[in-house]
Amino acid sequence: MEEIDVPPFFLCPISLQIMKDPVTVPTGITYDRESIEKWLFSGKNDTCPVTKQVISDCDLTPNLTLMRLIQSWCTLNASHGIERIPTPKPPISKAQIAKIIKDANKSPQQQITCLKRLRSIANLNDANKRCMEAAGAVEFLASIVNGFNSLSFEQSTSDGDESEVTRPSDEALSILYALQLSESGLKTLIGNNGEIIQSLTNILQNGNYESRAYAVLLLKSVFEVADPMQLINLRIELFAEIVQVLSDQISHQAHKAALQLLISLCPWGRNRIRAVEANAVSVLIDLLLDSRDKRACEMALNVLELLCQCAEGRAELLRHGAGLAIVSKKILRVSQVASEKAVRILLSVSKFSATPSVLQEMLQIGVVAKLCLVLQVDCGSKTKDKAKEVLKLHARAWKNSACIPANLLFFYPA
């Protein structure tokens with residue numbers, strides 16, 4: 001294709017390519033729709049790239065005059081190999097979303113149809129997702145999810161296979177996840193009374209595998225913006241279901257989200273004890289025995305370290321036949337992060353739960369020898385300091401033990 005000069009005002013200020021769908025932002029600057037949407041929605045920016053002014057309203061106004069000029073220029077230069085840019089389809093509007101939501105209230109069958117329409121709209125692009133948020137879709141979808149209960153679940157599955165049943169709550173939940181809600185959208189979802197938390201707990205208890213996965217992923221996002229009082233007043237039922245997701249391993253993504261949930265929730269109030277009572281320690285130890293995933297091991301050890309900060313968590317760790325052994329085994333075998341978390345767990349046990357039988361077990365299963373090994377390898381200064389602290393705490397019981405190889409005993413701290 002022969003090179004020709006392109007009028008500079010045909011070029012998008014971000015991509016420097018000819019605009020295929022010019023739109024004007026509230027600051028008066030025109031961009032190509034795809035480029036500015038990527039800047040505003042995917043990049044989490046809220047300023048005009050040219051003027052640097054904050055854009056409070058993300059409505060993008062089509063620049064029809066410029067579009068016609070670009071198309072005319074393309075037609076005039078067709079002999080140079082320039083193809084005419086087709087007229088872009090108009091984007092979804094708030095009014096269209098509002099109409100779909102209104103139609104959904106006409107009948108149960110219509111509701112399912114409208115929900116599927118909303119999901120297809122959300123899957124098209126990020127601009128549609130933000131438009132749906134602005135049009136009140138979050139409140140509408142939340143009302144459907146909040147209407148889920150175990151009775152309706154049992155009734156819907158009593159006449160057939162659960163996998164063949166399409167429930168409004170399933171559709172609404174999948175859309176809420178697909179929307180990748182902004183912070184304001186998540187705050188709208190959680191509201192003041194946190195009803196959505198109980199609703200998602202109900203779905204974790206009674207929903208199918210797909211809905212349970214969406215529920216735990218959505219909970220992870222919701223708790224990132226939740227009020228501290230909502231984090232403190234959580235019920236043990238929620239922790240039981242998060243732990244069950246870990247145990248069932250319903251999906252790789254849900255598995256990691258459940259671990260991240262426990263990491264974010266356990267520091268608040270009595271959540272550590274609630275997680276312990278939900279059998280989290282035993283499940284985490286079993287996961288460490290089986291898992292070869294580096295990140296999953298790091299997160300599992302992170303949760304265990306949090307739980308071992310309370311007496312109940314340490315007691316459960318020691319009660320499990322493989323507890324101390326698997327924690328020790330992960331030191332120097334996964335990553336520096338995993339090693340540090342594992343040594344911190346051993347420090348908590350050594351400081352607060354070191355009965356004579358526990359100290360003897362730590363010797364016999366090689367925990368003490370592993371800590372001596374930590375002192376002579378490159379595994380991070382924090383990990384070495386914690387290992388040295390553990391060894392010094394019980395030097396009288398361990399230092400002269402035959403269970404420690406002579407080459408490692410040499411490194412035992414004075």
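Keep in mind that the numbers below use all heavy atoms, side chains included, and drop hydrogens, waters and symmetry copies.
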### Summary
To the nearest 0.5 Å, atom CG of Leu181 lies from atom CG of Leu141 at 8.5 Å
### Query
Between Lys351 and Glu389, does at least one N-O distance fall below 4.0 Å, as a salt bridge requires?
yes
### Query
Given the rule in the side chain to side chain donor-acceptor pair (under 3.5 Å) test, do Gln336 and Glu340 qualify, once you have shown the distances and angles that lead to the verdict?
CA-CA 6 Å; Gln336 284 197 4; Glu340 182 183 350; over 6 Å; no
### Query
Taking C-beta and beyond as the side chain, do Leu259 and Leu284 meet within less than 4.5 Å on heavy atoms?
yes
### Task
Compare all side-chain heavy atoms of Phe239 with those of Leu261 and state whether any distance is below 4.5 angstrom.
no
### Message
When you measure from the side chain of Tyr31 to the backbone of Val25, do you find a donor-acceptor pair of N or O atoms at a distance under 3.5 Å?
### Response
no
### Task
Would you check if there is a donor-acceptor pair between the side chains of Thr87 and Gln71 at a distance under 3.5 Å?
yes
### Query
Okay, side chain of Asn302, backbone of Glu298: is any donor-acceptor separation there less than 3.5 Å?
no
### Query
Say you draw a straight line from NZ of Lys370 to CD1 of Ile365; how long is it, rounded to the nearest 0.5 Å?
10.5 Å
### Query
Do Asn208 and Ser211 get their side chains close enough for a donor-acceptor pair, meaning under 3.5 Å?
yes
### Donor-acceptor contact present, side-chain Asn63 to main-chain Thr24, <3.5 Å
no
### Task
Using modelled atom types only, decide if a donor and an acceptor are shared between the side chain of Asp32 and the backbone of Asp21 within a distance under 3.5 Å.
yes
### Task
Determine, for Lys38 against Glu34, whether the closest basic-nitrogen to carboxylate-oxygen distance falls under 4.0 angstrom.
no
### Criterion side chain to side chain contact (heavy atoms under 4.5 Å, CB included) on Glu133 and Ser184, from CA distance to verdict
CA-CA 9 Å; Glu133 271 193 42; Ser184 61; 4.1 Å; yes
### Gap between atom CG of Asp227 and atom NZ of Lys187 - 0.5 Å precision
9.5 Å
### Task
Please tell me if the side chains of Gln249 and Leu287 come closer than 4.5 Å, counting only heavy atoms from C-beta onward.
yes
### Message
Could you measure the distance from the CG atom of Leu306 to the CG atom of Leu262? Nearest 0.5 Å is fine.
### Response
9.0 Å
### Query
Are Glu277 and Arg274 ion-paired here, with the side-chain N under 4.0 Å from a carboxylate O?
no
### Task
Without swapping roles, check the side chain of Ser328 against the backbone of Ala325 for a donor-acceptor pair under 3.5 Å.
no
### Query
Taking the six-membered ring for Trp, are Phe10 and Trp73 parallel (under 30°), tilted (30 to 60°) or perpendicular (over 60°)?
perpendicular
### Message
Exactly one of Thr113, Leu118, Ile112 should register a side chain to side chain contact (heavy atoms under 4.5 Å, CB included) with Lys116. Which one does?
### Response
Ile112
### Message
Treating Arg33 as the side-chain partner and Pro22 as the backbone partner, does any N or O pair qualify as donor plus acceptor under 3.5 Å?
### Response
no
### Task
Please test Leu218 against Val145 for side chain to side chain contact (heavy atoms under 4.5 Å, CB included), starting from the C-alpha separation and ending with a verdict.
CA-CA 12 Å; Leu218 199 54; Val145 173; over 6 Å; no
### Modelled atom types, side-chain donor and acceptor of Gln198 and Asn202, under 3.5 Å
yes
### Query
Is there side-chain contact between Cys74 and Glu83, with heavy atoms separated by less than 4.5 Å?
no
### Sidechain N-carboxylate O distance under 4.0 Å for Lys129, Asp126
yes
### Query
Passes side chain to side chain contact (heavy atoms under 4.5 Å, CB included), Thr47 versus Trp39? Steps please.
CA-CA 9 Å; Thr47 59; Trp39 169 268; 4.1 Å; yes
### Message
So that I can tick it off, tell me whether Lys106 and Asp103 are bridged by a salt bridge, with the cut-off set at under 4.0 angstrom between side-chain N and carboxylate O.
### Response
yes
#### Entry: Leu307 backbone acceptor or donor facing Arg272 side chain under 3.5 Å
no
#### Entry: Polar side-chain atom of Arg344 near backbone of Ser339 as donor-acceptor pair, under 3.5 Å
no
### Message
Set out, in order, the CA-CA distance, both residues' side-chain angles and the distance that settles side chain to side chain contact (heavy atoms under 4.5 Å, CB included) for His320 and Ile326, then state yes or no.
### Response
CA-CA 10 Å; His320 195 292; Ile326 191 59; over 6 Å; no
### Task
Any chance you could measure Leu234, atom CG, to Ile242, atom CD1, to the nearest 0.5 Å?
8.0 Å
### Side-chain heavy atoms of Arg235 within contact of Thr201, under 4.5 Å
no
### Query
Just how far is it from atom CD1 of Ile190 to atom CD1 of Ile197, taken to the nearest 0.5 Å?
4.0 Å
